[in-house]
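To keep things clear, I will list the structure first and then write my remarks on it.
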Amino acid sequence: MEAYISGRKPYTLLSPGETAAKSFSGGTLARLREIRRARDPHNVFRANYPVHG
């Protein structure tokens, strides 16, 4: 299912194996990755849920 406005697939509808680049522009993806590194430098969170252990 492709989004009609941006031509990108909604992030929540990505299939296994598809990357976030299918949903976000290069600039947006870079900004999201920068925020992620700043907020979660030890990679504790995955898919917005904490991963324990």
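Quick note: residue numbers are just sequence positions, from 1. Owing to the predicted nature of the structure, the values given are computational and were not obtained by experimental measurement.
Applying the side-chain contact (heavy atoms from CB on, under 4.5 Å) criterion to Ser15, with sequence neighbours excluded, gives Lys9, Glu18. Taking Arg39 as the reference, Ile35 meet the side-chain contact (heavy atoms from CB on, under 4.5 Å) condition, with sequence neighbours excluded. Not counting sequence neighbours, the partners of Ala21 by the side-chain contact (heavy atoms from CB on, under 4.5 Å) test are Thr19, Leu29.
Considering all non-hydrogen atoms of both residues, Ser23 and Pro10 come closest at OG-C, 3.6 Å.
Once rounded to the nearest 0.5 Å, the distance linking CZ of Arg8 with CG of Leu14 reads 11.0 Å. Taken to the nearest 0.5 Å, the NZ atom of Lys22 stands 14.5 Å off from the OH atom of Tyr11.
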